[in-house]
A.B. asks: 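Next up is a structure, given as structure tokens.
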Amino acid sequence: MAPREREVKKIWRDVDGYFGDLLAPSDEALDAALRANKKAGLPAIDVSRVQGKFLHLLARIAGARRILEIGTLGGYSTICFARALPTGGRIVTLEVDPRHAEVARENLRNAKVLGRVDLRMGRALDSLAKLAAKGAEPFDLIFIDADKENNPAYFEWALKLSRTGTVIVVDNVVRDGRVVEEKSRDAEVIGTRRMTEMIATEPRVSAAALQTVGTKGYDGFVMAVVVR
Ligand code: SAH
Ligand code: DHB
Ligand code: MG
């Protein structure tokens, strides 16, 4: 389902609004980022306000000093993560579309977090290989949110760039429930299913999945922790 036709029930939106207003209240930099994204014609496929706050909290729970994000878009989730970093912390975020990266850079600057962000342009698979070849220090939290057909490869890279205790989160794994379509020929569904099957047989991680509803429709996260 394209973002425009995504089903959002009124009750999901109302509940998201209720918790969002109380727990993740409107924020000038995040609102401005969404306006800039819209103005630049970027798709509105960022995480929601409450999801962004949830990711922010996860980073704090993990005590993350080094975060890796695959898929920047306009930097909405990047801002949420960057704000969770302690002094000296850093987020590396990977984006293939130069237009998205340009908008993100401005949004990050406006949110006053650009100094903590290392935005790398190019295909994520290339950037990941470069990071690993340069012997990058392991990341504490890794957020996978780019082209879903590459989720299996992204998860493998995430493992390579992790240490015991690293938290790995994957966005958009439910997709209105399409993830259970065994015979799906949708590359995104296939990618996420392959990744999940990989995780299931991977002794180095322990994982769960969480279905979500809200302003972004019906979707969910896979979350894993590296146990050895
Ligand atoms: N994390 C963002 C949303 C990311 S949307 C947020 O929540 O605010 C997915 C992004 O991944 C898009 O900007 C898209 O251009 C990017 N992307 C798609 N394929 C990619 C690839 N092969 N390498 C790097 N980025 C890619
Ligand atoms: C869509 C949503 C996302 O969060 C994403 O990363 C990619 C696509 C979508 O709704 O199409
Ligand atoms: Mg996403």
Side-chain angles (χ1 to χ4, degrees), residues 1-8 12 24 27 29-38 40-56 58-59 67-83 91-108 111 113 117-131 141-155 157-158 169-179 186-189 191-192 195 210 212-223:
M1 208 184 282
R4 251 168 276 96
E5 340 159 11
R6 162 207 296 135
E7 183 195 14
V8 181
W12 299 350
D27 175 303
L30 288 175
D31 289 351
L34 292 184
R35 285 196 303 271
N37 290 357
K38 192 168 183 183
L42 269 51
I45 57 175
D46 348 60
V47 292
S48 72
R49 193 145 53 99
V50 177
Q51 287 172 340
K53 181 72 182 287
F54 175 76
L55 295 173
H56 169 92
L58 269 186
I67 299 177
L68 172 64
E69 173 177 74
I70 306 176
T72 315
L73 190 65
Y76 189 92
S77 53
T78 319
I79 295 171
C80 298
F81 281 128
R83 287 173 167 175
I91 174 167
V92 177
T93 184
L94 313 180
E95 177 54 57
V96 73
D97 188 317
R99 231 167 28 89
H100 295 185
E102 192 186 316
V103 175
R105 198 174 295 283
E106 264 321 293
N107 288 338
L108 294 164
V113 296
V117 181
D118 179 354
L119 173 54
R120 302 200 178 180
M121 272 272 307
R123 290 174 54 228
L125 288 174
D126 299 336
S127 303
L128 290 162
K130 275 183 207 150
L131 269 171
L141 186 147
I142 301 175
F143 181 52
I144 301 176
D145 190 21
D147 47 331
K148 318 305 175 195
E149 52 265 47
N150 279 318
N151 275 350
Y154 292 149
F155 198 87
W157 279 114
V169 182
V170 188
D171 194 21
N172 312 114
V173 298
V174 173
R175 295 298 214 184
D176 295 287
R178 277 181 290 130
V179 69
D186 179 333
E188 300 199 338
V189 171
T192 295
M195 176 197 72
L210 191 68
T212 59
V213 294
T215 57
K216 297 286 166 169
Y218 171 37
D219 217 323
F221 298 107
V222 157
M223 312 195 17

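The first residue in the sequence is number 1, and the count goes up from there. Counting starts at 1 for both ligands and their atoms, in listed order.
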A.B. asks: State the atoms of ligand 1, each with its element, that fall below the 4.0 Å cut-off from a heavy-atom position in Arg123.
C.D. replies: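 Selected atoms, number and element: 23 (N).
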A.B. asks: Near the Mg ion (ligand 3), is there an N/O/S atom from Asp171 that is less than 2.8 Å away?
C.D. replies: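 It does; at least one qualifying atom falls short of 2.8 Å.
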A.B. asks: Evaluating non-hydrogen atoms only, which member of Ile45, Val96, Asp46, Asp147 is closest to atom 24 (C) of ligand 1?
C.D. replies: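 Going through Ile45, Val96, Asp46, Asp147 one by one, Val96 has the nearest heavy atom to atom 24 (C) of ligand 1.
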A.B. asks: Considering distance alone, does some N or O of Val47 sit under 3.5 Å from an N or O of ligand 1?
C.D. replies: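 Val47 vs ligand 1: N/O contact under 3.5 Å present.
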A.B. asks: What pair of heavy atoms forms the shortest contact from Ala82 to Ile91, and how long is it?
C.D. replies: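 That would be CB-CG2, 4.2 Å.
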A.B. asks: Does the side chain of Leu58 come within less than 4.5 Å of Phe54's, by heavy atoms?
C.D. replies: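 Yes, their side chains come closer than 4.5 Å.
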A.B. asks: Counting only heavy atoms, which portion of Asn172 has something under 4.0 Å from ligand 2: side chain, backbone, both, or neither?
C.D. replies: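 Near ligand 2, Asn172 shows its side chain, while the N, CA, C and O stay back.
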A.B. asks: Any side-chain heavy atom of Asp147 sitting closer than 4.5 Å to one from Tyr154?
C.D. replies: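 Yes, at least one pair of side-chain atoms sits under 4.5 Å.
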A.B. asks: Between Asp145 and ligand 1, does any nitrogen or oxygen pair lie at a separation below 3.5 Å?
C.D. replies: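 By distance alone, the answer is yes.
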A.B. asks: Is the distance between the Mg ion (ligand 3) and the nearest N/O/S atom of Ser77 smaller than 2.8 Å?
C.D. replies: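 Within the cut-off used here (under 2.8 Å), Ser77 places no N, O or S atom near the Mg ion (ligand 3).
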A.B. asks: In ligand 2, which numbered atoms sit nearer than 4.0 Å to a non-hydrogen atom of Arg6?
C.D. replies: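 Within the 4.0 Å cut-off of Arg6, ligand 2 contributes 9 (C), 10 (O).
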A.B. asks: Judging by distance only, is a nitrogen or oxygen of His100 under 3.5 angstrom from one on ligand 1?
C.D. replies: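 So ligand 1 has an N or O lying under 3.5 Å from an N or O of His100.
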A.B. asks: Please state which part of Gln51 comes within less than 4.0 Å of ligand 2, counting heavy atoms only: side chain, backbone, both or neither.
C.D. replies: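 Neither part.
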A.B. asks: Does ligand 1 have an atom that lies less than 4.0 angstrom from a heavy atom of Tyr154?
C.D. replies: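 In this structure, Tyr154 qualifies as a contact of ligand 1 - some heavy atom is under 4.0 Å.
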A.B. asks: Which of the numbered atoms in ligand 1 are under 4.0 angstrom from any heavy atom belonging to Gly122?
C.D. replies: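 Going through ligand 1 atom by atom, the ones under 4.0 Å from Gly122 are 23 (N), 24 (C).
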A.B. asks: Which residue holds the protein heavy atom closest to atom 15 (O) of ligand 1, what is that atom called, and what is the gap in Å?
C.D. replies: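 For atom 15 (O) of ligand 1, the nearest protein heavy atom comes out as Glu95 OE2, 2.6 Å.
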A.B. asks: Can you see which heavy atom on Ala32 is nearest to which on Asn107, and at what distance?
C.D. replies: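 In this case the closest contact between Ala32 and Asn107 is O-OD1, 4.3 Å.
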A.B. asks: Side-chain contact test, heavy atoms from C-beta onward, threshold under 4.5 Å: evaluate it for Ile45 versus Arg6 and give yes or no.
C.D. replies: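 Yes, close enough: below the 4.5 Å cut-off.
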A.B. asks: Contact between Pro43 and ligand 1, counting heavy atoms under 4.0 Å?
C.D. replies: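 No, Pro43 has no heavy atoms under 4.0 Å from ligand 1.
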A.B. asks: Considering just N/O/S atoms, say which atom of Asp145 is closest to the Mg ion (ligand 3).
C.D. replies: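 So the atom name we want here is OD1.
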A.B. asks: Would one find an N or O of Ala146, backbone or side chain, under 3.5 Å from an N or O of ligand 2?
C.D. replies: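 No; every N/O pair is 3.5 Å or more apart.
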A.B. asks: Any N/O/S atom, backbone or side chain, of Asp219 lying under 2.8 Å from the Mg ion (ligand 3)?
C.D. replies: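 Coordinating: no.
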A.B. asks: Is there any N or O on Ala124 that sits under 3.5 Å from an N or O of ligand 1?
C.D. replies: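 Yes, Ala124 has an N/O under 3.5 Å of an N/O on ligand 1.
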A.B. asks: If I compare all heavy atoms of Glu149 with all of Pro152, which pair ends up nearest, and what's the gap?
C.D. replies: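 Taking Glu149 first and Pro152 second, the nearest heavy atoms are O-CD, 3.6 Å.
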A.B. asks: Given Ile67 and Phe143, is the side chain to side chain contact (heavy atoms under 4.5 Å, CB included) satisfied, shown in steps?
C.D. replies: CA-CA 8 Å; Ile67 299 177; Phe143 181 52; 5.6 Å; no
A.B. asks: Have a look at Val179 and tell me which of Asp186, Val222, Val173, Thr192 forms a side chain to side chain contact (heavy atoms under 4.5 Å, CB included) with it.
C.D. replies: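 The residue from Asp186, Val222, Val173, Thr192 that satisfies side chain to side chain contact (heavy atoms under 4.5 Å, CB included) with Val179 turns out to be Thr192.
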A.B. asks: Considering non-hydrogen atoms only, spot the tightest contact between Glu69 and Thr78 and give its length.
C.D. replies: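 Smallest heavy-atom distance, with atoms named: OE1-OG1, 2.6 Å.
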A.B. asks: Which heavy atom of Thr215 sits nearest to which heavy atom of Ser48, and what is that distance?
C.D. replies: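 Minimum heavy-atom separation between Thr215 and Ser48: OG1-CB, 3.5 Å.
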A.B. asks: Run the salt-bridge test on Lys53 and Asp27 with the 4.0 Å N-O cut-off and return the result as yes or no.
C.D. replies: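 Salt bridge flag = no for Asp27 with Lys53.
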A.B. asks: Quick one: does Ser77 get an N or O within less than 3.5 Å of an N or O on ligand 1?
C.D. replies: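 Yes: some nitrogen or oxygen of Ser77 is under 3.5 Å from one in ligand 1.
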A.B. asks: I'd like the name of whichever of Lys148, Arg175, Lys216 reaches closest to atom 8 (C) of ligand 2 through any heavy atom.
C.D. replies: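 Nearest heavy atom to atom 8 (C) of ligand 2 lies in Arg175.
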A.B. asks: So which heavy atom on Gly217 is nearest to which on Trp12, and how close?
C.D. replies: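 Heavy atoms only, the tightest pair is C-CZ3, 3.7 Å.
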A.B. asks: Go through ligand 2 atom by atom and flag the ones less than 4.0 Å from a non-hydrogen atom of Asp171.
C.D. replies: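 This gives 4 (O) as the contact atoms.
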A.B. asks: Quick one, Leu42 and Arg99 - any side-chain contact, counting heavy atoms below 4.5 Å?
C.D. replies: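 They are in contact (side-chain heavy atoms under 4.5 Å apart), so the answer is yes.
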A.B. asks: With a 4.0 Å heavy-atom cut-off (strictly under), which part of Thr78 contacts ligand 1: side chain, backbone, both or neither?
C.D. replies: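 It is neither part, as no heavy atom is under 4.0 Å.
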